[in-house]
Protein chains: 2
Amino acid sequence: MTPPAAHGRDLPHPAREEIRLESVLHALSDPMRLRIVRELAAEGRELSCSDFVLPVTKSTTTHHFRVLRESGVVRQVYRGTAKLNGLRADDLDALFPGLLDRVLEAADRQAGRG
Amino acid sequence: MTPPAAHGRDLPHPAREEIRLESVLHALSDPMRLRIVRELAAEGRELSCSDFVLPVTKSTTTHHFRVLRESGVVRQVYRGTAKLNGLRADDLDALFPGLLDRVLEAADRQAGRG
DNA sequence: GTCAAACTACGATGGTTCTCGTACGATGGA
DNA sequence: TCCATCGTACGAGAACCATCGTAGTTTGAC
């Protein structure tokens with residue numbers, strides 16, 4: 001009785017052209033979310049939500065991932081019981097060339113400064 | 001009786017090293033403020049608050065300029081009755097190389113897409 | 001000294017966001 | 001079938017933010 005899409009209900013994502021610069025900047029302006037994005041970029045692969053050890057509860061984590069997804073920064077797909085998160089680096093780079101890299105670089109620098 | 005600094009009371013600005021990436025991104029994530037920054041960059045010189053024609057009241061404009069100043073994006077100095085606003089492009093570029101340019105470029109692109 | 005212009009300060013309001021806790025649903029394995 | 005795991009939904013609270021209007025301050029010009 002389960003509908004055809006048995007393997008993975010899917011989540012709403014903005015299409016590439018729908019991604020707004022302001023939303024992306026806003027998504028990245030939260031420390032927790034910037035941390036998530038940096039980790040995702042450093043790892044270079046899709047990570048499940050539970051791969052992240054964050055100083056907030058699970059529901060708060062869910063909230064932040066949703067903001068990231070709705071702003072177009074990450075793509076989320078279900079994989080069994082886990083939900084994999086991948087950076088939409090290709091889409092972002094097509095829309096806003098170099099932006100994500102400069103932000104990540106800036107975050108690294110700032111972290112280096114302590 | 002006026003203290004020595006007769007020509008221009010001065011406003012609190014973060015020092016270069018105090019500028020936080022998250023604050024900058026947050027400042028730039030508001031449409032009104034991004035618009036201000038773009039205009040400032042396009043003009044390439046200091047502009048007074050009243051040079052901007054924004055669809056908000058003056059008190060709201062004051063608010064946005066303060067956010068921009070406190071986050072380290074603009075520098076404000078009094079010049080007689082006017083207040084001049086200049087982009088802190090040098091400071092930002094020293095801290096976060098290329099970031100401001102990529103944001104401005106991204107904003108142009110997005111504006112171009114309509 | 002008076003006046004207009006530029007901007008600020010303050011208080012209020014309505015909206016958004018970050019955070020949590022608890023309860024729920026979906027998946028895959030024992 | 002039962003259960004553990006992973007994540008969601010919902011409700012709530014506190015904080016923050018964008019916006020406004022009004023009243024005030026500072027400055028420079030007349």
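Bear in mind the structure is a predicted one, so any value in this text is a computation, not a measurement. Sequence lines set the chain letters: A, B, ... in the order given, protein chains first and strands last, and positions in each chain run from 1.
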Asks: Figure out the CD/C1' separation between A:Gln76 and D:dC6, and round it to whole Å.
Replies: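 Computing the A:Gln76:CD to D:dC6:C1' distance gives 13 Å.
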Asks: Of all the choices, C:dG21, D:dT19, D:dC6, which nucleotide is nearest to the side chain of A:Thr57 once you look at every atom?
Replies: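 Within the option list, the nearest is C:dG21.
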Asks: Do the side chains of B:Leu99 and B:Asp93 get nearer than 4.5 Å, heavy atoms only?
Replies: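 No, their side chains stay 4.5 Å or more apart.
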Asks: Check whether any side-chain nitrogen or oxygen of A:Arg33 sits under 4.0 Å from OP1 or OP2 of C:dC18, and answer yes or no.
Replies: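 So the side-chain polar atoms of A:Arg33 do come within 4.0 Å of the phosphate oxygens OP1 or OP2 of C:dC18, strictly under.
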Asks: Rounded to the Å, how far apart are B:Leu47 CG and C:dC7 P?
Replies: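 After rounding, the reported distance stands at 11 Å.
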Asks: Would you please confirm or rule out a distance under 4.0 Å between OP1 or OP2 of C:dA9 and any side-chain N or O of B:Ser59?
Replies: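 It does not, given that no N or O in the side chain of B:Ser59 lies less than 4.0 Å from OP1 or OP2 of C:dA9.
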Asks: Is any NZ, NE, NH1 or NH2 atom of the basic residue among B:Asp91 and B:Arg75 found under 4.0 Å from an Asp or Glu carboxylate oxygen of the other?
Replies: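 The answer is yes: the pair qualifies as a salt bridge.
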Asks: Calculate the interatomic distance between B:Arg66 atom CZ and C:dC10 atom P; express it in whole Å.
Replies: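 Atom CZ in B:Arg66 sits about 9 Å away from atom P in C:dC10.
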Asks: Measuring only between side-chain heavy atoms, which start at C-beta, is A:Cys49 closer than 4.5 Å to A:Lys58?
Replies: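 A side-chain contact under 4.5 Å is absent here.
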Asks: Between atom NE2 in B:His63 and atom C1' in C:dC7, what is the gap in whole Å?
Replies: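 So the two atoms are 16 Å apart, to the nearest Å.
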Asks: Any carboxylate oxygen within less than 4.0 angstrom of a Lys/Arg side-chain nitrogen, looking at A:Asp108 and A:Arg38?
Replies: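 So A:Asp108 pairs with A:Arg38 through a salt bridge.
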Asks: Answer yes or no: does a side-chain N or O of B:Thr81 lie under 4.0 Å from OP1 or OP2 of C:dA5?
Replies: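 Answer is no, no contact under 4.0 Å.
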Asks: In whole angstrom, give the distance that lies between atom CG of A:Asp30 and atom P of C:dC18.
Replies: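 About 5 Å, once rounded to whole Å.
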Asks: Within this structure, what is the OH-to-P distance between B:Tyr78 and D:dT27, rounded to whole angstrom?
Replies: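 In whole Å, D:dT27 P lies 9 Å from B:Tyr78 OH.
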Asks: Distance check: side-chain N/O of B:Ser50 vs OP1/OP2 of C:dC7, anything under 4.0 Å?
Replies: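 Checking C:dC7 against B:Ser50, a side-chain N or O does come within under 4.0 Å of OP1 or OP2.
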Asks: Of the nucleotides C:dT19, D:dG7, C:dC7, which one has an atom closest to the side chain of B:Cys49?
Replies: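 Closest nucleotide among those given: C:dC7.
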Asks: Is A:Thr61 touching bases, backbone alone, or none of the nucleic acid, heavy atoms closer than 4.0 Å?
Replies: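 Nothing, no heavy atom under 4.0 Å.
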Asks: Using whole Å, report how far CG of A:Leu84 lies from P of D:dC6.
Replies: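 Spelled out: CG on A:Leu84 to P on D:dC6 is 13 Å.
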Asks: Could you walk me through whether A:Thr57 and A:Thr60 pass side-chain hydrogen bond (donor to acceptor under 3.5 Å, both in side chains), step by step?
Replies: CA-CA 5 Å; A:Thr57 64; A:Thr60 302; 3.1 Å; yes
Asks: Nearest-Å distance, NE2 (B:His26) to C1' (D:dA15)?
Replies: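 These atoms are roughly 13 Å apart.
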